[in-house]
2 protein chains.
Amino acid sequence: MRFTTQAEYGLICTLHLARFGAAGPVAAREMAEKEDLPADYTEKILRRLRQAGIVTSVRGVSGGFELARDAREISVKDVVEATEGSTFEINCRQHPVGAERCDTTHDCSIRPVWYALRTKIDELLDQIRISDLLEGGEVGVTELIDITWQDHGDTNLTMER
Amino acid sequence: MRFTTQAEYGLICTLHLARFGAAGPVAAREMAEKEDLPADYTEKILRRLRQAGIVTSVRGVSGGFELARDAREISVKDVVEATEGSTFEINCRQHPVGAERCDTTHDCSIRPVWYALRTKIDELLDQIRISDLLEGGEVGVTELIDITWQDHGDTNLTMER
DNA sequence: CCGAATCTTGACTGATTCACTCCGGATTGA
DNA sequence: TCAATCCGGAGTGAATCAGTCAAGATTCGG
Ligand code: FES
Ligand code: FES
């Protein structure tokens, strides 16, 4: 299970705007070049971010994109949902094993697992804001997340494997 | 982001063996028929479960599959990893945005988010055992998971949306 | 010891999704 | 006007998914 590149690119673009967008709108082409991403694809991602109300666009000669609100008010979940459509999709909804089997009227003891997982994923992604990723570099961000989420600290956020 | 049907089928099969496998090995064909799954595909899934050491197989006329150990010792994570290969794949490892950009020597403030998410996912899936899914039906399982994981209870395990 | 039932392995296939491009059009500032 | 930008959507090659199929190995009953 993984996110597509759209989530990654979406975060990169949002982060780029949070860093360099204060002085005025940033053109998609320029952003793509600076971040070394495919230009046309970047444009498409930005369009999705705009449709979700995360960024605003300015058309015309010196147009481009800006964050629609403060970086503290934009969560990773917002960006992921905007780009991917959803965070974690419940299989038995969109890709049911069997029509009747996966119907809500039928009892399934596996279903609660996916719902619980989705809740966990959404909780974490919603808690992390774009502003959290702006300072401290990779180490700083890791520590910040680690502090916030050390409730069930059986495993830790090392990069082992 | 979603799991493929293999994770779902893997859980269904494991659960089936936990329920009906006490009396001796269950044939793949028989299991597929009872659970209403494609026969050949079921066989393939069971192979993966065996390769991961979750079930054992008996060849020959009255052969079939059995759980390799107690249902309390098999976590949902075990089954998902056996069938899908991994729970949550870090994009920048297998599908890097850019070769140098995603190298560990470079600083990336997005990376910690994915590592934290993987940790969360693994924690939850590892805590839930096959034995937890055997009793209480859907409602019972939901309550059980809810009690175990109500640490960050901002959201709850309702089925809304 | 033969043959039926079962697991084992791996190749194969159609459908879908992914990652990305391309094109024609609308909007704006110089 | 024209050049730069955003906008929408169609199109494309590659990869993955979901599932099938065929050929072989193992075991047991008779
Ligand atoms: S198998 Fe679809 S809801 Fe359980
Ligand atoms: S974009 Fe790949 S590691 Fe951050």
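Excluded from the calculations below are hydrogen atoms, water molecules and symmetry mates; all remaining heavy atoms, backbone and side chain alike, are included.
Protein atom CG of A:N91 is 8 Å distant from nucleotide atom P of D:dA18, rounded to whole Å. Going from atom CZ of B:R48 over to atom P of C:dG10 covers 12 Å, rounded to whole Å. Atom CD1 of A:I12 and atom P of C:dA19 are 13 Å apart (whole Å). Protein atom CD1 of A:I45 is 14 Å distant from nucleotide atom P of D:dC7, rounded to whole Å. With rounding to whole Å, B:D40 atom CG is found 17 Å from C:dC12 atom P. Atoms OH (B:Y41) and P (C:dG10) sit 18 Å apart, rounded to a whole Å.
Note on A:Q6: every side-chain N or O is 4.0 Å or more away from OP1 and OP2 of C:dC20. A close approach under 4.0 Å does occur between a side-chain nitrogen or oxygen of B:T5 and OP1 or OP2 of D:dA18. For B:Y9 and D:dA18, the shortest distance from a side-chain N or O to OP1 or OP2 is not below 4.0 Å.
A:K34 and A:E30 are joined by a salt bridge, as a carboxylate oxygen and a charged side-chain nitrogen come within less than 4.0 angstrom of each other.
Among the atoms of the strands shown, only primed sugar atoms or phosphate atoms (P, OP1, OP2) are found under 4.0 Å from some heavy atom of A:Q51.
Closest approach of A:F65 to A:L17, counting heavy atoms only: O-CD2, 3.3 Å.
We find the CZ-CD distance between B:R118 and B:E89 to be 10.0 Å, quoted to the nearest 0.5 Å. Distance check, rounded to the nearest 0.5 Å: CG of B:D78 to CG of B:L49 gives 10.5 Å.
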Please produce a list of atom pairs where a protein N or O lies less than 3.5 Å from an N or O of nucleotides 9-12 of chain D.
from	atom 1	to	atom 2	distance (Å)
D:dA10	N6	A:K44	NZ	3.3

Restricting to nitrogen or oxygen on both sides, can you table the protein-nucleotides 5-7 of chain C pairs closer than 3.5 Å?
from	atom 1	to	atom 2	distance (Å)
C:dA5	O3'	B:V61	O	3.3
C:dT6	O4'	B:G60	O	3.4
C:dC7	OP1	B:A28	N	3.0
C:dC7	O3'	B:S57	OG	3.4

